[in-house]
Amino acid sequence: MNMRTYEKLFQDRDYPVLITTQQNIFYTVGFSTTARRPSQIGYNCVLLAPDGAWFFFPAGWQPLVQEQLYAEPVTLVPYQGSVEQMAERIVQRLGNAKCLGFEQDGMELNLYLTLRRLLKETGRSLCWTDVSTHLQRARLIKSPEEIQALRDSAQVAKEAMEYAKSLVRPGLRERDVVAELEYFMRRLGSEGVPFTMKALAGENALRTINLPGDYRIQEGDVVLLDFGAVVNHYASDWTRSFAVGYAGEEQRELYQLVWHIERACIQMIRPGVRFQQLMDQAMKVIHGHPYARWFNPYLGHSIGINSQEWPAIVPGAEDVLRENMVVTIEPGVYVPGVGGVRIEDEVLVTANGYEILTGLRDEEFVIGGAGYGEE
């Protein structure tokens, strides 16, 4: 991938920008690590300015840094010791800047306070300007390399969901399902999981904030599987709900309702469509249905380096779909006594429509049995 330079990201600004979150450090210069900051790796950050880019990092990590950085020139600024030494180098590099862009929700407090103190000691003051939203908007539109990474990540997760259809069966614990699926994805090349995997069965699937536990799947349960992979630092995220062994009439009706909502919304995707239009379509499909009261009005989100990125597709959202965005569409209806069903796919916005990046070779609701039956 190519480095995101100051000119590419901040051409309408006239002040330097300090990048401090791990995701945006990777996005701008290509460096990434799973080491915990600052306890293991120490503090590191990127300073982007009209006259160049500088990467500040602990000196002991220089070989790893040099292996990972994008091809474009970045001035490496290794430091020894504490955050104080890194902050001193940042202040020196700021020169006579009157304003500094920063990530308000992503700068460590210690670094912020140290920079403020050092600036005060030198008789300088800065206008601090939050650029978090600007960076979020930049990450919305994916490059060809990012789209390929998202395809690769989705492919690993797709294969895991195919495997899940033969794995999930009565007697298996929820935690056993997620353990098997993560191992399966690791063997296919996943670098990890982007969020806590979910395998929730029966009544547990009614609250998707639940965690997989010791509950053993029973015949007739609806099992909700929500997970993703990470490939080349990009995440995937998708969901399917399966009835184990057989599905009752109410369960079949619930599944068909959620499937209809999802497909109706996906078919609307193209550049220029407003997020609110997608919400309106979902509400139109479910309006008047007996299960409407259990519909969760959260329809999806952007995806990229993180499995869940800004913005979300929720009521009142003012954002508009643009070419090369990748979003999820994930309606969910959670009915007590029947089951929780969510169906989620990743969708690439193309020049004239959409491309679904996830999906099963054979979409089916009942697994682990002969097919639909009677309760």
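What you see below is based on every heavy atom in this structure, not just the backbone, and it leaves out hydrogens, waters and symmetry mates.
With a 4.5 Å cut-off on side-chain heavy atoms, Leu181 and Leu167 count as touching.
A donor-acceptor contact closer than 3.5 angstrom is absent between the side chains of Gln23 and His233. Side-chain atoms of Arg342 and Tyr334 include a donor-acceptor pair closer than 3.5 Å. Tyr43 and Glu108 form no side-chain donor-acceptor contact under 3.5 Å, judged by distance and modelled atom types alone. A donor-acceptor contact closer than 3.5 angstrom is absent between the side chains of Asp237 and Ser307. Side chains of Glu103 and Thr21: a donor-acceptor N/O pair is present below 3.5 angstrom, by distance only.
Partner of Leu47 under the side-chain contact (heavy atoms from CB on, under 4.5 Å) criterion, out of Tyr6, Phe55, Phe56: Phe56 alone. Just one residue in the list Val347, Leu357, Leu140 forms a side-chain contact (heavy atoms from CB on, under 4.5 Å) with Val326, and that residue is Leu357.
Not a single donor-acceptor pair under 3.5 Å links the side chain of Arg4 to the backbone N or O of Val29. A donor-acceptor distance shorter than 3.5 angstrom exists from the side chain of Thr358 to the backbone of Glu346, with no hydrogens or angles considered. For Ser153 (side chain) and Ala229 (main-chain N/O), a donor-acceptor pair under 3.5 Å exists by modelled atom type.
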Could you walk me through whether Thr328 and Glu330 pass the side chain to side chain donor-acceptor pair (under 3.5 Å) check? CA-CA 6 Å; Thr328 67; Glu330 51 178 289; 3.0 Å; yes
Walk me through it: do Val333 and His289 pass the test side-chain contact (heavy atoms from CB on, under 4.5 Å)? CA-CA 11 Å; Val333 182; His289 195 282; over 6 Å; no
Decide yes or no on side chain to side chain donor-acceptor pair (under 3.5 Å) for Tyr246 and Glu219, but give the supporting numbers first. CA-CA 7 Å; Tyr246 66 86; Glu219 192 93 359; over 6 Å; no
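Of all heavy-atom pairs between Gly189 and Val231, the closest is O-CG2, 4.4 Å. Listed here is the closest heavy atom pair of Asn306 and Ala235: C-CB, 3.9 Å. Nearest heavy-atom pair, Pro16 versus Leu94, reported as atom, atom and distance to 0.1 Å: CG-CD2, 3.8 Å. Nearest heavy atoms, Leu278 versus Leu299: O-CD2, 3.5 Å. Taking every heavy atom of both residues into account, Asp221 and Ala201 meet most closely at OD2-CB, 4.1 Å. The minimum heavy-atom distance between Val338 and Val222, with the atom names listed, is O-CG2, 4.1 Å.
With respect to Arg151 and Glu355, a salt bridge is recorded, a charged nitrogen being found less than 4.0 Å from a carboxylate O. The pair Arg361-Glu159 meets the salt-bridge criterion, since a charged nitrogen lies less than 4.0 angstrom from a carboxylate oxygen. In summary, Lys158 and Asp345 do not engage in a salt bridge, as defined by a charged side-chain N under 4.0 Å from a carboxylate O.
The list of salt bridge (Lys or Arg N to Asp or Glu O under 4.0 Å) pairs with a residue in residues 44-61, not counting sequence neighbours, is empty. Within the structure, every pair that satisfies the salt bridge (Lys or Arg N to Asp or Glu O under 4.0 Å) test and touches residues 295-309, not counting sequence neighbours, is listed here: Arg139-Glu309.
Remark: Met268 CE is packed, more than 12 non-hydrogen atoms of other residues, nucleotides or ligands lying under 6.0 Å away. Residue Arg124 qualifies as enclosed at atom CZ: its count of foreign heavy atoms under 6.0 Å is above 12. The number of heavy atoms from other shown groups lying within 6.0 Å of OH (Tyr183) does not exceed 12.
The aromatic rings of Tyr298 and His301 lie tilted to each other, with the angle between the two planes from 30° to 60°.
For Trp128 and Tyr112, the distance between ring centers is under 6.0 angstrom.
Under the side chain to side chain donor-acceptor pair (under 3.5 Å) criterion, Glu363 pairs with Arg240, not counting sequence neighbours.
Stacking of Arg270 on the aromatic ring of Tyr354 is not recorded, the 6.0 Å distance cut-off and the 45° axial limit not both being met.
Here CE of Met86 is found 7.0 Å from CG of Leu115. Values are rounded to the nearest 0.5 Å.
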